Chemist: 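First the structure, which I've put down as structure tokens, then a few questions once you've had a look.
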Protein chains: 2
Amino acid sequence: MTLNAHAIHPPHSAQARISGLATLSEAEHALLDRSTRNRRRVSPYREFLSEGQPVPRPLLLLSGWACRFRVLSDGRRQILGFILPGDLVGLCRTDHAIASASALALTQVEICEMPGTEPTPTPGLAQAYALAGAMDDFYLLNQVTRLGRLTAYERIADLFLEMYDRMELAGLATDHEMTLPITQETLADALGLTSVHVNRTLKALRRDRAVVLESGLLTFPDYAALAAQVDHRAYRAPTVR
Amino acid sequence: MTLNAHAIHPPHSAQARISGLATLSEAEHALLDRSTRNRRRVSPYREFLSEGQPVPRPLLLLSGWACRFRVLSDGRRQILGFILPGDLVGLCRTDHAIASASALALTQVEICEMPGTEPTPTPGLAQAYALAGAMDDFYLLNQVTRLGRLTAYERIADLFLEMYDRMELAGLATDHEMTLPITQETLADALGLTSVHVNRTLKALRRDRAVVLESGLLTFPDYAALAAQVDHRAYRAPTVR
DNA sequence: CGACGGTTTGACAATCATCAAATACAGTGG
DNA sequence: CCACTGTATTTGATGATTGTCAAACCGTCG
């Protein structure tokens, strides 16, 4: 798969990331370029996609971090997954779909609308969307397992590892080091914990030197050991025989 | 959407369920019929799909209950979702995909391979797969929210409501009543709890008359009230304007 | 400087897990 | 028909994990 190309030419932008997912035609490249020129800024903690609303076309996150989430009637909030630069939101399998979750900027964010694949055929883009969707599916399964069967300690470690994997794939992190621009409160909402407990568990992770986390910089002193400890799963690309 | 047709003609078989998801051509109907003739039986607690293995084509569950799951290296098990009669497993967005979870029969089960959509174009089937996939996605988000933000009491109630919704959509339940052919141990693995705690919580649900559950028959004395109490979300079909 | 959002800490309570054993229930073979 | 077996449910006693409430601390920004 074209995923391996990342090892050689890491994408240096959200567009590059998308075009790395499949082989795009000249026309598709042009279309992608045109789409990304029309950007929209969203401030931190602003909702830019609402559960229950129709989703006409997918959105591409050009910069910043965002998340998908749901809120319960009494205010409890669950973050379903994070949206990192180069990620797509609102990928729907069907036309005229209704958003089954809302989306929120976690930092200052830039987004743009992506072309649909419907009227004019864009096989390359469709393939890129499919691969991006498959990865989303995979990360959602990870999320279920984290919430259902991991302890607080393991949940945080596993989520951090997954974030690093994704940032590395996107060409935004190397050497087991990345910036983590989100609050402990946000982590708590993603991990089914309270911010107080996240804080205490982070302390334990630091004590064990499982992670180093200071002023928004996250480092794994021993990535492999931590991954083994929490039975971390990384995404496996489709196989071409 | 054709989903509304269920209200009028509830499907009486797994095939009928599939053909209710989209408008199939004559050829596609024939193809579907041919596929379902070639069935495979699987005994309870037998794995019929393994994480890490390639998934050539989707499987249709013709009868019985199954689930998707993952196991951790130390034996902890998480059920990711249930597979009910008429459901598809191994729906992949990309070709040559690798299963990101295993699947297991929970009761005696019949499955069959479904045609791929690749060589010969089958737009109706593709649409049916897309809709089935969209519903799977939705139920997975429900699962994340359950595990992350609901109490044990709410988790069980919400899962039961969802199971009923799906069984009703499949034409296998009415009148807020259904058969529940799974053990408390299985429920525990789905809900991130222990079987002991599931048992105690079921007692509480019975005490409150939130559910009636005896010898595999599950009834909701007041479905609407319970749904409101746990902020239950039902799948919303794509909208055609 | 003060205000504000985020982090950190403490004391205590609730939820849920663990371990162990008793009971119920269905199937099987004598 | 009945003992026997294995699996599922139920209950009790106890402990660990995580939540709640409250306050202190810290850095940033106006």
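A note on names: the letters A, B, ... follow the listed sequences, proteins ahead of strands, and every chain is numbered from 1. Quick caveat, the model's predicted, so the values are computed rather than measured. All values below were derived from every heavy atom in this structure, side-chain atoms included, with hydrogens, water molecules and symmetry-related copies excluded.
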Chemist: Show me the pairs that pass side-chain hydrogen bond (donor to acceptor under 3.5 Å, both in side chains) and involve residues 216-227 of chain A, at least two apart or across chains.
Modeler: Asp165(A)-Tyr223(A)
Chemist: Less than 6.0 angstrom from the centroid, inside 45 degrees of the normal: does Arg70(A) satisfy that with respect to the ring of Phe138(B)?
Modeler: yes
Chemist: Rounding to an integer number of Å, can you tell me how far Leu191(B) CG sits from dT15(C) P?
Modeler: 17 Å
Chemist: Figure out the NE2/P separation between His197(A) and dG19(D), and round it to whole Å.
Modeler: 6 Å
Chemist: Tell me whether the guanidinium CZ or amine NZ of Arg166(B) lies under 6.0 angstrom from the six-membered ring centre of Phe82(B) and within 45° of its axis.
Modeler: no
Chemist: Pick base, sugar-phosphate or nothing for Gly216(B), based on heavy-atom distances below 4.0 Å to the nucleic acid.
Modeler: nothing
Chemist: What residue among Tyr164(B), Phe160(B), Phe220(B) forms ring pair (Phe, Tyr, Trp, His ring centres under 6.0 Å) with His176(B)?
Modeler: Tyr164(B)
Chemist: N/O contacts under 3.5 Å, protein versus nucleotides 26-28 of chain C?
Modeler:
none

Chemist: I need a per-nucleotide contact map over nucleotides 3-13 of chain C, read 5' to 3'. Cutoff is protein heavy atoms under 4.0 Å; write B for the base, S for backbone only, - otherwise.
Modeler: ---SSBBBB--
Chemist: Answer yes or no: does atom CG of Asn38(A) have more than 12 heavy-atom neighbours from other residues, nucleotides or ligands under 6.0 Å?
Modeler: no
Chemist: Which residues pass the salt bridge (Lys or Arg N to Asp or Glu O under 4.0 Å) test with Arg39(B), not counting sequence neighbours?
Modeler: Glu110(B)
Chemist: Going by number, which of residues 145-163 of chain B have a non-hydrogen atom under 4.0 Å from DNA chain C?
Modeler: Thr151(B), Ala152(B)
Chemist: Is a side-chain donor or acceptor of Gln108(B) paired with a backbone partner of Arg41(B) at a separation under 3.5 angstrom?
Modeler: no
Chemist: Starting at atom CZ of Arg207(B), determine the distance to atom P of dT11(D), rounded to an integer number of angstrom.
Modeler: 12 Å
Chemist: Sugar-phosphate means primed atoms, P, OP1 and OP2; the rest is base. With that split, encode nucleotides 24-30 of chain D 5' to 3' as B, S or - using protein heavy atoms under 4.0 Å.
Modeler: -------
Chemist: Roughly how many Å is it from CG in Asp74(B) to C1' in dT18(C), rounded to a whole number?
Modeler: 15 Å
Chemist: Could you verify whether a donor N or O on one side chain and an acceptor N or O on the other, from Glu177(A) and Thr174(A), lie under 3.5 Å apart?
Modeler: no
